[in-house]
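Here the structure is laid out as structure tokens; the discussion comes afterwards.
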Amino acid sequence: VSRGTCSFEIKINNLIDAGAIAAVIFNNRAGPPIYMDVATATAIPGFMIGQADGLALTALITGDATAQATIPVAMNLAFSDDFADIIADFSSRGPSQWELLKPDYAAPGVNILAAVLAYGDDPVQYDFYQGTSMAAPHGTGAAALLMDLHPDWSPAEIKSAIATTANADMLEDDSVAVTTAEPFDMGSGRIDLSAAAYAGFVMDETSANYIAADPYLGGEPNTLNQPSMVDYTCIGTCTWTRTIKSTLDVAQDWAISLTADAGVVLSASPMTFTLAAGGTQTIEITADASAASPDVYYFGNVILTPVGNED
């Protein structure tokens with residue numbers, strides 16, 4: 001039986017009423033099977049398999065002798081890269097009403113095995129949690145760890161370090177299929193603290209500039225010095241200015257490369273530069289949208305690579 005329409009408890013109890021001796025539920029969307037909280041529906045065994053295997057099993061039952069499905073009944077723990085870095089279909093997405101990239105970045109928030117119910121003498125128990133209940137603490141905890149590692153970094157610099165080092169190789173689940181994620185799905189990508197802790201530069205901003213950029217007061221949020229650039233009315237060309245500050249104690253050469261959707265050409269000035277230890281560098285990024293179609297979103301990337309230290 002496919003997941004969906006009613007709760008697992010109701011679904012399995014309906015199967016029991018129909019004479020079932022076991023329940024195989026298959027996911028109704030791409031991606032991994034999920035944990036089923038079946039509450040009191042325990043009179044028969046029940047477990048979940050993935051959508052592809054479920055559809056194949058359904059085809060096999062209905063007479064397709066070529067169908068092949070896998071039910072991993074003996075498996076207690078599985079690791080699969082196919083189930084990682086997929087933006088959930090329920091995750092909030094952009095665009096923002098203002099010229100800001102939202103979300104800023106993504107954090108783990110699906111099928112997270114979390115410790116719960118550790119009260120008094122009760123032993124720690126575990127459950128699967130989803131959504132903001134998991135993504136928010138992952139994001140907050142990531143920032144807290146970076147603040148401990150780099151107490152001299154401002155909140156804006158912490159945010160920039162996370163965003164500029166995020167893993168952009170992500171997919172998104174639109175409840176029909178898993179496809180390549182775009183910035184409105186994931187922002188800069190999934191948090192990667194192993195990279196953020198060693199960010200070679202950060203981007204700072206002042207509280208005065210945040211206040212001045214308030215759109216309700218006539219400000220322009222896309223002028224803020226942060227690791228994203230948005231312009232909803234880019235006619236011909238549009239330009240952003242960003243300033244980075246070195247976190248290194250030695251000088252470092254940097255090179256800029258750019259990618260963009262067909263219809264938009266990105267350029268930066270300068271394309272190469274040497275960033276002194278603790279020094280700053282202002283970069284001007286320009287998007288030429290003269291070949292773009294109206295009322296279409298175009299995306300691109302500005303990639304800064306340390307020269308001679310690509311790792």
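Values below: all heavy atoms of this structure, side chains included; hydrogens, waters and symmetry mates excluded.
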> How would you list, by chain and number, every residue that makes a salt bridge (charged side-chain N to carboxylate O under 4.0 Å, His left out) with Lys159, sequence neighbours excluded?
Replying inline: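 Salt bridge (charged side-chain N to carboxylate O under 4.0 Å, His left out) check on Lys159 returns Asp104.
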
Rounded distance (nearest 0.5 Å) linking atom [atom1] of [X] with atom [atom2] of [Y]:
{"X": "Ile16", "Y": "Ile12", "atom1": "CD1", "atom2": "CD1", "answer": "7.5 Å"}
{"X": "Ile87", "Y": "Leu171", "atom1": "CD1", "atom2": "CG", "answer": "9.0 Å"}
{"X": "Ile49", "Y": "Asn27", "atom1": "CD1", "atom2": "CG", "answer": "10.0 Å"}
{"X": "Leu304", "Y": "Asn301", "atom1": "CG", "atom2": "CG", "answer": "11.5 Å"}
{"X": "Asn225", "Y": "Thr241", "atom1": "CG", "atom2": "OG1", "answer": "9.5 Å"}
{"X": "Asp204", "Y": "Ile158", "atom1": "CG", "atom2": "CD1", "answer": "10.5 Å"}

Taking distance alone, no hydrogens or angles, what donor-acceptor pairs closer than 3.5 Å link side-chain atoms of residues 209-216 to residues at least two apart or in another chain?
unit_1 : atom_1 : unit_2 : atom_2 : d
Asn209 : ND2    : Glu205 : OE1    : 2.6
Asn209 : ND2    : Thr206 : OG1    : 3.3
Asp214 : OD1    : Tyr216 : N      : 2.9

In terms of hydrophobic clusters joined by side-chain contacts under 4.5 Å, are [X] and [Y] together?
{"X": "Leu15", "Y": "Met36", "result": "yes"}
{"X": "Leu100", "Y": "Met186", "result": "no"}
{"X": "Leu224", "Y": "Ile285", "result": "no"}
{"X": "Met203", "Y": "Met229", "result": "yes"}
{"X": "Trp98", "Y": "Trp240", "result": "no"}

Do the side chain of [X] and the main chain of [Y] share a donor and acceptor less than 3.5 angstrom apart?
{"X": "Tyr298", "Y": "Ser293", "result": "yes"}
{"X": "Ser160", "Y": "Glu157", "result": "yes"}
{"X": "Lys11", "Y": "Gly4", "result": "yes"}
{"X": "Arg93", "Y": "Ser91", "result": "yes"}
{"X": "Asp148", "Y": "Leu145", "result": "no"}
{"X": "Arg242", "Y": "Ser228", "result": "yes"}
{"X": "His138", "Y": "Met134", "result": "yes"}
{"X": "Thr247", "Y": "Ala199", "result": "yes"}

Can you find a pair of side-chain heavy atoms, one from [X] and one from [Y], that are under 4.5 Å apart?
{"X": "Ile244", "Y": "Trp254", "answer": "no"}
{"X": "Met170", "Y": "Ile86", "answer": "no"}
{"X": "Glu182", "Y": "Glu172", "answer": "no"}
{"X": "Thr165", "Y": "Tyr198", "answer": "no"}

>> The test is side-chain contact (heavy atoms from CB on, under 4.5 Å); show your working for Leu57 and Phe26 and say whether it passes.
In response: CA-CA 9 Å; Leu57 184 59; Phe26 65 89; over 6 Å; no

> side-chain contact (heavy atoms from CB on, under 4.5 Å) between Asp85 and Asp169: does it pass, once the steps are laid out?
Replying inline: CA-CA 8 Å; Asp85 287 334; Asp169 186 15; over 6 Å; no

>> With a sphere of 6.0 Å drawn around CD of Gln68, does it hold more than 12 non-hydrogen atoms of other residues, nucleotides or ligands?
In response: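 Check fails, neighbour count at 12 or below.
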
>> Taking atom CD1 as the centre, does Ile21 end up with more than 12 heavy-atom neighbours from other residues, nucleotides or ligands that are less than 6.0 angstrom away?
In response: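 Open: at most 12 neighbouring heavy atoms sit under 6.0 Å from CD1 of Ile21.
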
> Between Ala161 and Trp153, what is the shortest heavy-atom contact and its length?
Replying inline: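 Shortest heavy-atom separation between Ala161 and Trp153 comes out as CB-CZ3, 3.6 Å.
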
>> Under the rule for side-chain contact (heavy atoms from CB on, under 4.5 Å), what residues qualify as partners of Thr237, not counting sequence neighbours?
In response: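 So Thr237 forms a side-chain contact (heavy atoms from CB on, under 4.5 Å) with Thr286, Asp288.
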
> Considering residues at least two apart in sequence or located in another chain, which fulfil the side-chain contact (heavy atoms from CB on, under 4.5 Å) criterion with Pro103?
Replying inline: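 Scan of Pro103 (side-chain contact (heavy atoms from CB on, under 4.5 Å), adjacent residues dropped) gives none.
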
>> Under the criterion side-chain hydrogen bond (donor to acceptor under 3.5 Å, both in side chains), I'd like the reasoning laid out for Gln51 against Asn28: C-alpha separation, chi angles, the key distance, then a yes or no.
In response: CA-CA 6 Å; Gln51 183 184 47; Asn28 60 351; over 6 Å; no

Counting only pairs under 3.5 Å, give me each side-chain donor-acceptor contact of residues 262-284, with atom names and distances, residues two or more places apart or in other chains.
unit_1 : atom_1 : unit_2 : atom_2 : d
Thr274 : OG1    : Asp253 : OD1    : 2.5
Thr282 : OG1    : Thr243 : OG1    : 3.1

> Which residues, ordered by chain and number, are linked to Phe184 in its hydrophobic cluster, where ILVMFWY side chains connect at heavy-atom gaps below 4.5 Å, directly or through other members?
Replying inline: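 In the cluster with Phe184 are Leu101, Val230, Tyr232, Tyr297, Phe299.
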
>> side-chain contact (heavy atoms from CB on, under 4.5 Å) for Gln130 and Ile112? Distances and angles first, verdict last.
In response: CA-CA 6 Å; Gln130 322 280 341; Ile112 306 301; over 6 Å; no

